Amino acid sequence: MFMIFGMGGAVGFLSGLFGIGGGFLLTPLLIFSGIPPAVAVATVTTQTVASSSSGVLAYIRRNAIDFKLAFVLLCAGIVGSFIGVWLFGVLQELGQLDLVISLAYVTFLGAIGILMLVESMKAISRKRTGGQAELRRPGQHNWVHGLPFKMRFRRSKIYVSVIPIFVIGSTIGFLGSILGLGGGFMMVPALIYLLRVPTNVVIGTSLLQILVTMAVATILHSINTQTVDVVLALTLMVGSVIGAQFGAQIGQGIRGEHLRLMLALLVLSVGLRFAFNLIVEPSDLYSVTIDMRLPQ
Amino acid sequence: MMKQLLISCVVGFGLAFAAPMQSQAETLVSALSSEEVNITSNFTGTDITVFGEITRDAATVPRSGPYDIVVVVEGPPERVTTWRKERIFGLWINAHSKTYTNVPSFYAVHSTRPLQEITEDDTLEDQRTGLVNLPLAPFGVRLSSAEDRRAFRKAFLQERVDLGLYAERPDTIKLLSPTLFATSIPIPANVPVGEFKVTTFLYNGGVVLSEGHQELTVAKKGFEQFTFDLANENPALYGVIAVILALFTGWLAGVIFRKD
């Protein structure tokens with residue numbers, strides 16, 4: 001119980017420090033500490049609801065949410081999480097859920113970790129040589145803007161096809177419900193670079209989408225596999241809320257590129273740990289799952 | 001007239017035959033220290049004492065050799081799958097499985113001596129007493145070698161023993177007097193809930209002389225019970241409550257740590 005609380009605190013600290021949701025660190029931590037992957041994933045979806053809700057409230061007050069865009073995104077997100085929760089149950093029945101979770105984490109954390117590592121190393125060496133950061137000057141339009149079914153979003157001042165929005169929203173909903181991560185670290189870059197959503201509304205909008213999608217995933221997981229543990233979720237919430245405050249304070253004293261380098265190394269090491277578990281021969285080849293309780 | 005005579009004859013014969021039979025065998029009186037185990041949020045396991053008395057009367061035939069007591073505690077049945085990982089494309093993946101149905105979720109055997117010293121293997125098998133005699137019926141027919149089946153069986157039992165859910169503990173029943181016995185059965189924190197069967201066997205000369213049956217109820221209480229029941233009986237409501245709790249916590253955190 002105290003260990004879980006501490007883990008919530010530690011992950012909250014990191015999420016405050018790096019400005020991330022933390023689901024992609026919290027789920028692995030729970031799995032490594034011996035909580036069944038299915039319970040870890042489903043419970044972190046609940047925890048994500050809590051951690052994103054205070055953010056959403058803050059962004060509503062600042063009027064920094066594009067509600068129309070968020071609505072389209074979260075409709076897609078709900079579809080995605082339906083598919084995700086369904087697949088979650090099927091994989092659990094087949095005994096391959098743990099494998100899929102591990103493989104997906106190796107892939108995601110590996111790819112994102114390397115990208116961040118390269119980016120932050122470049123930034124650091126640029127600072128050393130005193131060079132100018134190359135400001136990306138994206139063209140006003142890219143291939144995404146050629147797609148049909150366009151919709152106007154006044155708050156974001158964009159006019160784009162609903163197809164990429166739907167793809168982004170449903171992918172995040174799918175991955176979130178199957179892997180137990182909010183997905184902000186994937187959605188924010190996608191919204192900025194693919195849809196050209198202005199940075200001042202992007203975080204609030206994606207947080208609102210994450211909040212609703214994860215709330216739906218929590219309910220679906222409860223119904224489908226009964227893997228949500230409210231007590232565990234509450235412990236994590238309280239721990240992470242407190243940890244986040246300390247993290248945010250300390251994070252302000254560290255340079256951005258150094259923070260990103262640290263986060264990259266952290267992400268990579270978690271990914272490597274998953275890979276290690278898959279590749280190295282386990283000490284116990286056998287495992288037992290309880291399929292159902294029988295009536296007496 | 002003939003009929004009456006016949007009946008009285010049969011009854012008389014029966015009585016004459018039954019009376020010495022009844023007084024010959026010992027009877028076993030057994031009881032539990034508690035018929036309920038309550039799992040509350042700070043439950044870390046407990047002990048249940050099974051105690052009893054072997055009653056004999058003047059007509060009981062004298063026995064050579066000691067009495068032996070065997071106590072079996074069985075949890076509610078469940079269906080389980082045992083998986084075995086294999087290296088596929090360099091990754092360790094759950095490749096083979098065996099599903100057993102109707103296995104006890106909890107199983108503990110206590111005895112006065114090692115089971116093999118008390119009686120023959122055949123008797124133990126008939127009584128389904130002892131870890132080796134647990135009937136693990138594979139669910140669905142799959143082709144597999146006998147060696148394979150043994151390996152899966154062994155792995156399953158080992159996992160359960162490691163979790164503290166299965167146990168065979170010889171020499172744990174103390175005879176307080178020639179006819180009084182007691183044993184303390186550890187119930188671990190991860191015990192499943194439901195109705196448990198407690199069976200007490202009285203052995204002498206390798207034969208069961210008498211049996212006693214008790215029921216033990218393991219149930220969640222208080223907050224644990226509330227969440228457990230809700231999650232199982234009304235999962236949609238459970239999910240909604242989880243979301244509301246999360247929203248409330250998030251809102252509260254926002255209020256407490258609000259900067260502007």
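A quick note: this is a predicted structure, and the numbers were derived from the prediction, not measured. In what follows, every chain begins at residue 1, and chains take the letters A, B, ... in the order their sequences are listed. For the numbers below, each heavy atom of this structure counts, side chains included, while hydrogens, waters and symmetry mates do not.
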Q.
Please classify the contact between A/Leu57 and chain B as side chain, backbone, both or neither, with a heavy-atom cut-off of under 4.5 Å.
A.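 Just its side chain gets close to chain B.
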Q: Against chain B, label A/Leu94 side chain, backbone, both or neither, depending on which of its atoms sit under 4.5 Å from a heavy atom there.
A: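 Backbone of A/Leu94 only, per the 4.5 Å heavy-atom cut-off to chain B.
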Exceeds 12 heavy-atom contacts within 6.0 angstrom, atom [atom1] of [X]:
X        : atom1 : result
A/Phe32  : CZ    : yes
B/Arg128 : CZ    : no
B/Phe43  : CZ    : yes
A/Glu93  : CD    : no

Q. Which members of residues 207-218 of chain A, sorted by number, sit under 4.5 angstrom from chain B on a heavy-atom basis?
A.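 Against chain B, the residues of residues 207-218 of chain A that fall inside the cut-off (heavy atoms, under 4.5 Å) are A/Leu211, A/Ala215, A/Thr218.
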Q | Neighbourhood of chain B inside residues 97-109 of chain A, taking heavy atoms under 4.5 Å as contact | A |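 Near chain B, by residue number: A/Leu99, A/Leu103.
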(Q) I'd like to know which of B/Ile241, B/Ile93, B/Asn232, B/Leu237 tops the heavy-atom pair count under 4.5 Å against chain A. (A)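 That would be B/Ile93.
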Q.
Shorter than 4.5 Å, heavy atoms on both sides: which option in B/Asn94, B/Leu91, B/Val103, B/Thr249 has the most such pairs with chain A?
A.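 Heavy-atom pair counts peak at B/Asn94.
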If you compare all heavy atoms of [X] against all heavy atoms of [Y], which two are closest, and at what distance to 0.1 Å?
X        : Y        : value
B/Glu159 : A/Ser287 : OE1-CA, 4.0 Å
A/Ser222 : B/Gly239 : OG-CA, 3.3 Å
B/Ala246 : A/Ser53  : O-OG, 4.0 Å

Q: Show the numbers, then the answer: is there a side chain to side chain contact (heavy atoms under 4.5 Å, CB included) between A/Val288 and B/Thr81?
A: CA-CA 6 Å; A/Val288 176; B/Thr81 302; over 6 Å; no
Q.
Could you work out, with side chain to side chain donor-acceptor pair (under 3.5 Å) as the rule, every residue matching B/Arg169, not counting sequence neighbours?
A.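 Listed in chain order: B/His110.
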Q) Would you call B/Val243 and A/Thr46 a side-chain contact if the rule is heavy atoms closer than 4.5 Å? A)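 Answer no - side chains too far apart.
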Q | Sub-4.5 Å side-chain heavy-atom contact between B/Tyr238 and A/Val230 | A |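 Heavy-atom side-chain distance check passes, below 4.5 Å.
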Supply the atom-to-atom distance [X] [atom1] to [Y] [atom2], rounded to the nearest 0.5 angstrom.
X        : Y        : atom1 : atom2 : result
B/Leu252 : A/Met237 : CG    : CE    : 12.0 Å
A/Leu285 : B/Thr82  : CG    : OG1   : 13.0 Å
A/Tyr286 : B/Lys98  : OH    : NZ    : 9.0 Å

Q: Sort B/Asn234 into side chain, backbone, both or neither according to what part of it lies under 4.5 angstrom from a heavy atom of chain A.
A: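 When you check distances to chain A, no heavy atom of B/Asn234 falls under 4.5 Å.
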Q. Side chain, backbone, both or neither: which part of B/Phe152 has a non-hydrogen atom closer than 4.5 Å to chain A?
A.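 For B/Phe152, heavy atoms of backbone and side chain both lie under 4.5 Å from chain A.
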(Q) Using the salt bridge (charged side-chain N to carboxylate O under 4.0 Å, His left out) criterion, which residues pair with B/Arg160? Sequence neighbours excluded. (A)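 Partners of B/Arg160 by the salt bridge (charged side-chain N to carboxylate O under 4.0 Å, His left out) criterion, ordered by chain and then number, come out as B/Glu78.
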